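These notes are about the structure you will find just below.
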2 protein chains.
Amino acid sequence: MTGDVKQRINTKLVQAYRDITNIEEKELKKGPFSDLSIKEIHAINAISMYEHKTSSQVSKELSINPGTLTATVNNLARKGYVLRLRGEHDRRVIRLGLTRKGRSVYRLHASFHRKMVDTFLQGFSDHEISLIEKAIDHLLNFLEGRPNTVSTRI
Amino acid sequence: MTGDVKQRINTKLVQAYRDITNIEEKELKKGPFSDLSIKEIHAINAISMYEHKTSSQVSKELSINPGTLTATVNNLARKGYVLRLRGEHDRRVIRLGLTRKGRSVYRLHASFHRKMVDTFLQGFSDHEISLIEKAIDHLLNFLEGRPNTVSTRI
DNA sequence: AAAAATTACTTCAAACATCAAAATATTTAA
DNA sequence: TTAAATATTTTGATGTTTGAAGTAATTTTT
C-alpha cells in the first residue's frame, strides 16, 4: 500500500480531532449553555447521569489532579449544573450528581455524539461497520500500549 | 443495525480521543522535549516546516484567539523552538518558522503519527482501507457542516 | 495627500486551570 | 485509644485563555 494513503488518512484524522475539539465547544456556546467550557462539559459527562460517582473516580477518569476537580466542581455547582452529595456509608467520600440543568447538558452532548456517530457510519453495511470498529480497536490497542492481535489474511 | 453497535463505537471513539490527548503528551514528556505541552506541540505542528505562515493563518488553523497565539509563540521562541520573521512586503505581518530544534520536534511528532496510523490500518486490505477512509470523510463532512453525499446501496 | 478605515499583531486584566503539598475529616487497624 | 490510612479540600504558585483595548502599518476614500 502506498504511504500516500496513510499520509492522507493521518491528515484527516488530525483534522477530525481538531474539529471535534472546536465544534463541540462552539455547538454548545450557541445554545442555552454558553457559560460552559469544553472542559466543564467533559466533566459533566464524566460525572454522568446514571450513578453517583465519587470525586476520586471522576478525577481519575478525567486524568486530572483531585484539587483541580474540586475547583471545577465548585464552578459547576455555582453555575447550577452539579451537586455534591455526602456519602452515606463513608462520610469522607463525596458523590457527585447532576442537577436537572446538568442533565439537559448531558443529554444535549450525548445527542451531538449520537448524530456524529450516525453520520460517521452512514451508508455502510453491517459488515463494513464491524470492519471500521476493528480499525478503531487497533487504534485503541496502539494508544493503550497493547500489542495488536493482527488478524492477518493470506 | 442495532443502536448498541453505534453506542459501542461512540464509546470507543471517545476513549481514543481521550487517549490521544493524554498519550501524545506523555510520550513527548519522556523524550528530550519534556518542556513542551501538547498544545505547544500542536502549535509547532501548525507552524510547520515547509513554509513561513503568518500568525493569523496559524491562529485560524488552530482556532485560537490571536492573543493566545502571541503568548504561545512567545513561550516557544523563549524555549528556542520557534522564530518570528518580520514580513518583507507588509511589515505588519509576522511570519513564523521553526528552529532546528523545532524541526526535530516536528519530525518526532510526525513519526508518532505515522506509527499510530500504521497500527490503525494494520491487517486491512486496500479495499477495506478505502472504506475506512470513506467513513472518516463522512465524519469530517459532519463536523464541518457539509451534507454527506451518501453512497447508499440497496 | 490627508483623513479614515482596515489589517495584523500585541498587551492587558480577569477568569480559569493546573499542580504539589499541607490541612481537615473520617474510617480502619493496631 | 492511639496510629495509620483514605477521601477530599485548601493553599499558594504558575500558566493558559479570552475579549477588549492598544499600536503600528497599509489601503481606501475624499
Side-chain angles (χ1 to χ4, degrees), chain A residues 18 21-26 28-30 33-47 51-97, chain B residues 18 21-22 24-26 28-29 33-44 46-47 51-79 81-97:
Chain A
R18 194 178 287 157
T21 311
N22 297 164
I23 292 167
E24 273 198 329
E25 180 140 23
K26 274 177 206 135
L28 273 147
K29 281 264 183 270
K30 283 192 301 196
F33 303 114
S34 49
D35 59 345
L36 291 173
S37 73
I38 190 114
K39 298 203 173 176
E40 289 174 322
I41 286 159
H42 285 160
I44 287 174
N45 218 46
I47 290 167
E51 46 185 325
H52 288 145
K53 299 183 191 166
T54 68
S55 282
S56 16
Q57 282 176 323
V58 173
S59 79
K60 246 171 233 148
E61 196 174 320
L62 294 170
S63 308
I64 57 174
N65 184 297
T68 305
L69 184 66
T70 298
T72 305
V73 169
N74 286 344
N75 290 333
L76 288 174
R78 179 175 44 79
K79 297 187 201 166
Y81 293 97
V82 166
L83 297 168
R84 279 191 171 91
L85 313 158
R86 186 57 71 170
E88 283 160 22
H89 306 297
D90 184 337
R91 293 184 31 74
R92 285 169 307 181
V93 315
I94 292 285
R95 298 192 164 270
L96 298 172
Chain B
R18 193 177 289 155
T21 311
N22 295 169
E24 273 197 329
E25 181 140 20
K26 274 179 206 133
L28 273 147
K29 282 264 183 268
F33 303 114
S34 50
D35 59 344
L36 292 173
S37 74
I38 189 115
K39 297 203 173 174
E40 289 175 322
I41 287 159
H42 286 160
I44 287 174
I47 290 168
E51 46 186 326
H52 287 145
K53 299 182 191 166
T54 68
S55 282
S56 17
Q57 282 177 323
V58 172
S59 79
K60 245 172 231 146
E61 195 174 321
L62 294 169
S63 306
I64 57 175
N65 184 301
T68 306
L69 185 66
T70 298
T72 306
V73 170
N74 286 345
N75 291 334
L76 288 174
R78 180 174 44 75
K79 297 186 202 166
Y81 293 98
V82 167
L83 297 169
R84 275 190 174 91
L85 313 157
R86 187 56 73 170
E88 282 158 24
H89 307 297
D90 184 337
R91 292 185 31 74
R92 286 170 306 179
V93 178
I94 294 284
R95 298 193 163 271
L96 298 172

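Please read all numbers here as calculations on a predicted model, not as lab measurements. When reading the values below, keep in mind they use all heavy atoms of this one structure, side chains included, and skip hydrogens, waters and symmetry mates. Chain naming here is simple, since letters A, B, ... match the order of the sequence lines and numbering starts at 1 in each.
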DNA chain C: 5'-proximal contact among T72(A) and N74(B) (nearest heavy atom) =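 Final value for this comparison: N74(B).
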query = Who passes salt bridge (charged side-chain N to carboxylate O under 4.0 Å, His left out) against R92(A), sequence neighbours left out?
reply =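 Once residues adjacent in sequence are excluded, the partners of R92(A) under the salt bridge (charged side-chain N to carboxylate O under 4.0 Å, His left out) criterion are D90(A).
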request  = Might you point out which heavy atoms bring L62(A) and A46(A) nearest each other, and give the distance in Å?
outcome  =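 So the two residues come closest at CD2-CB, 3.8 Å.
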ask   = In the 5'-to-3' direction, what one-character label does each nucleotide of nucleotides 21-30 of chain C receive under the scheme B = base within less than 4.0 Å of a protein heavy atom, S = sugar-phosphate only, - = no such atom?
value = ----BBS---
task = Would you confirm whether R86(B), through its side chain, and R91(B), through its main-chain N or O, come within 3.5 Å as a donor-acceptor pair?
result =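 Checked: pair present.
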With sugar-phosphate meaning primed atoms plus P, OP1 and OP2, does [X] contact a base, only sugar-phosphate, or nothing at under 4.0 Å between heavy atoms?
X	answer
R84(A)	sugar-phosphate
T70(B)	base
S37(A)	sugar-phosphate
T68(A)	base

request  = When you get a sec, tell me which of dA8(C), dT18(D), dT9(D) is the closest nucleotide to the side chain of S56(B)?
outcome  =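 Looking only at heavy atoms from C-beta outward on S56(B), the closest nucleotide is dA8(C).
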ask   = Just how far, in rounded Å, is C1' of dA15(C) from CG of L76(A)?
value =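 Atom-to-atom, L76(A) to dA15(C), this comes out as 14 Å.
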key: Inter- and intrachain pairs under salt bridge (charged side-chain N to carboxylate O under 4.0 Å, His left out), touching residues 61-75 of chain B, at least two apart   =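 Listed by first then second residue: R18(A)-E61(B), K53(B)-E61(B).
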message = Quick check for you: to the nearest 0.5 Å, what is the distance between I94(B) atom CD1 and R84(B) atom CZ?
response =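 Nearest 0.5 Å value for the CD1-CZ distance: 6.0 Å.
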